[in-house]
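This report refers to the structure that appears directly beneath it.
Here is how names work: the chains are called A, B, and so on, in the same order as the sequence lines, proteins then strands, and each is numbered from 1.
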Amino acid sequence: MTSTIAEISINRPLFQSFDYLAPSDVQVGQRVVIPYGRGNQTLVGVITGLVDESKFSRLKHVQQVLDPEPVFSTQQLALARWIANYYQQALGEVLFAMLPNRLRQDNSSEPNQSTYLKLCQHENVPGSKQKRLLDLLAESDGQQLSMSEVRLNGFTTQTINSLIKRACIERLKLDDEPSVWHGEQQEKLTPSREQATVLNDIKLEQPGCHLLYGVTGSGKTEVYLQLIERCLAAGKQALVLIPEIGLTPQTVRRFQQRFARPIAVLHSGLSDSERLNQWLFVKHNKVDIVLGTRSAVFAPLANLGLVIVDEEHDTSYKQQDGIRYQARDVAIKRAFDDGIPVLLGSATPSLESLNNAWSGKFHWHQLTERTGRAQIPNIEMVDMRHAQLTAGLAERTLKRMQQHLADGNQVMVFLNRRGWAPSVMCQSCGWLADCPNCDARLVLHQHSSQLKCHHCGWQHPKPQHCPSCQSPELVGLGLGTEKQTDILEQQFANTPIIRIDRDTANQPGGIAKLLADVPEKGPALIVGTQMLAKGHHIPNITLVVVTDGDAGFWGVDYRASERMAQLLTQVAGRSGRGERHGEVLVQSRYPEHPFFSQLINFGYLGSARHWLNERQQALLPPYHSHAIIRCDAPHDWQAAQVLRQLVAQLTEAQVNIRVLGPVPATMAKRAKLYRQLLHFHAESRSELNRWLRYCRTLLQNMDTKQASWRIDVDPIDVG
DNA sequence: AGCACGCCGACT
DNA sequence: GTCGGCGTGCTC
Ligand SMILES: [Zn+2]
Ligand SMILES: [Zn+2]
């Protein structure tokens with residue numbers, strides 16, 4: 001048998017491929033099993049190239065070719081190469097991150113099959129059961145049904161076997177097919193004047209990036225749906241990315257109801273086998289619409305015609321651990337490669353996308369009218385400085401809440417701190433409960449009577465006495481959602497209160513059960529964290545209260561304003577019911593701070609313009625590119641030493657981009673590791689890339705001992 | 001990364 | 001004598 005030499009990438013952080021002898025008919029993009037290393041352990045690899053010769057003399061043989069057809073197309077391989085280069089990751093690791101978990105091991109990529117029963121002869125048969133089965137099959141699509149459906153209808157193997165003997169029915173193996181929504185279909189809505197303009201301005205035949213600025217409730221989804229419809233009508237496929245928290249059953253339902261065809265859904269809640277199933281449906285061309293979160297950007301659609309990224313500013317598009325990439329940017333690159341349009345939608349676009357739109361790189365579209373709802377409410381500041389606080393809320397705030405509840409409306413109280421109190425102190429000696437593994441205070445969770453670290457997961461039962469002076473006077477300092485809810489329960493004794501945060505959402509039933517607890521009509525208080533701000537429309541809210549408008553402004557993070565404004569704008573979008581104008585109260589100790597007045601007077605876009613100016617002055621993204629090399633080690637000097645050594649080598653090589661540091665991370669110690677950062681700022685993206693690649697080779701050749709390092713390109717957490 | 005190999009100390 | 005600790009170096 002003739003053979004060829006295959007370059008194979010494996011799921012290890014090695015920036016090289018390995019040459020193996022393979023059967024001459026293998027193709028690039030197929031997975032193979034190889035004997036690897038001195039112990040010849042069997043590993044799955046991906047063929048990334050075929051060559052005639054290798055500089056290695058004793059090549060091993062590929063053990064098994066796993067895929068009859070490549071699991072990666074040439075375009076996907078090219079995309080993987082781009083990601084590996086841009087984010088400084090090993091190609092093999094990128095490729096494996098693009099595959100569903102099951103295909104990272106030696107599982108088959110062929111379509112799943114099930115046994116079906118097909119009607120051959122509909123003749124008179126003795127038993128009534130047999131007769132009923134024939135009737136059932138006769139009525140079914142294609143006169144056939146899957147075995148599981150037949151079983152579900154109560155037919156036994158015996159009935160089936162007798163019918164097969166009579167040659168009335170036959171068994172066949174058929175590919176599994178994705179299910180189609182059989183419930184009520186939803187007709188497409190007549191677009192508003194604004195929607196029609198947007199729909200008219202986006203031409204699917206023309207490649208390019210479109211930024212759709214649409215305030216909450218302005219009908220962005222309807223625009224998506226009608227564009228997808230056009231895309232499908234042109235015989236192409238559509239990919240829709242949605243943030244983790246927004247991809248709810250209701251969202252999926254909305255798409256299913258509009259399109260009488262199967263839709264693949266790829267979200268993080270799927271089991272490995274469900275995820276593989278969905279992925280195989282996409283791979284084998286059985287769906288034309290893919291709905292998914294971050295990693296769905298890699299869905300193997302072969303005939304893509306449109307990519308949509310909903311809530312494009314959402315930080316969950318950035319993968320933070322393992323393989324790092326920004327799915328929104330990968331989506332843009334993928335669309336560019338395919339020569340197709342990509343639509344980014346948001347009520348609070350990222351400064352990156354706004355800059356691209358305002359500089360003419362993206363096409364700008366907007367939806368400013370809320371369909372069937374009152375205008376976005378104004379934000380009203382509440383000065384906390386001299387206020388008497390109950391549950392963290394000023395008298396004025398409580399009064400307003402009282403009014404709204406008395407009118408039978410619902411009120412949302414937002415506090416981005418879960419637990420009872422963010423720290424615990426001894427009143428007689430001043431001892432503070434610190435995490436033994438992190439530079440962080442332990443958070444008191446009163447209901448479970450535990451002290452927990454929100455950074456490393458460490459927890460311990462709440463002590464009865466101060467470990468330092470034995471005094472029993474241990475008190476919680478500050479306010480979390482748990483405590484706020486408890487106090488509000490006393491204040492508003494007859495009002496149902498629902499708390500929505502990670503602690504309550506992790507209980508059985510999850511967030512869906514909590515939302516179901518919100519009464520359909522009548523007053524209710526909904527208390528919660530970040531989780532409340534995104535997704536999950538609660539219809540009867542007329543007042544939103546932000547307990548601490550100053551939280552999150554203490555750091556060095558230049559994205560803090562942008563993120564806070566996005567949060568406040570999103571939260572404000574929750575308020576308002578039908579034509580009833582909603583209200584938003586933001587409590588602050590600095591109510592006159594320009595951040596608030598700007599947001600109130602000039603809105604998100606006006607503020608964004610201002611921040612973009614500041615970023616330009618400060619040579620920060622999106623004008624300059626930013627990357628961070630992070631280094632962790634068990635002793636505080638190790639990480640800094642590695643980075644100092646790196647800086648020395650860079651200086652020697654006459655580095656011509658800005659290098660800052662090493663500096664300790666905002667939380668210098670986390671999970672028993674000391675963390676140091678090295679910042680890189682460059683006007684030119686390619687220069688940054690070049691120097692990062694150089695850093696990577698330096699670090700790979702450096703004896704970093706116990707220190708581990710990673711490169712974060714376009715970081716969102718800067719501290 | 002993950003594994004084999006190897007060179008040392010502390011156990012039967 | 002050997003079991004296992006981690007430090008070193010390689011993987012086609
Ligand atoms: Zn004490
Ligand atoms: Zn901790």
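Nucleotide C/dC12 holds its C1' atom 14 Å from the CD1 atom of A/Ile47, rounded to whole Å. Rounded to whole Å, atom C1' of B/dA1 lies 12 Å from atom CZ of A/Phe15. Straight-line distance from the CD atom of A/Gln16 to the C1' atom of B/dA1: 12 Å, rounded to whole Å. For A/Arg12 and C/dG9, the CZ to P distance is 19 Å, given to the nearest whole Å. A/Phe56 has its CZ atom 12 Å from the P atom of C/dC10, to the nearest Å. Remark: C1' of B/dC3 and CD1 of A/Ile10 are 12 Å apart, rounded to the nearest angstrom. In this structure, A/Asn40 places its CG atom 13 Å from P of B/dC3, rounding to the nearest Å. We find that CD1 of A/Ile323 is positioned 11 Å from P of B/dA1, with the value rounded to whole Å.
Applying the ring pair (Phe, Tyr, Trp, His ring centres under 6.0 Å) test to A/Phe56 and every residue at least two apart in sequence or in another chain returns nothing.
With no hydrogens or angles considered, a side-chain donor-acceptor pair links A/Gln530 and A/Asn416 at under 3.5 Å. Judged by distance alone, the side chains of A/Gln638 and A/Asp636 never bring a donor and an acceptor atom under 3.5 Å apart. Between the side chains of A/Gln27 and A/Asp67, no donor-acceptor pair is found at a separation under 3.5 Å.
Nearest to the side-chain atoms of A/Gln41 among the listed nucleotides B/dG2, C/dC12, C/dT11 stands B/dG2. When the nucleotides C/dT11, B/dG2, C/dC12 are ranked by their closest atom to the side chain of A/Leu14, C/dT11 comes out on top.
Checking A/Arg38 against A/Glu93, the closest nucleotide of DNA chain B that is more toward the 5' end is the one next to A/Glu93.
Residue A/Tyr36 places none of its side-chain N or O atoms closer than 4.0 Å to OP1 or OP2 of C/dT11.
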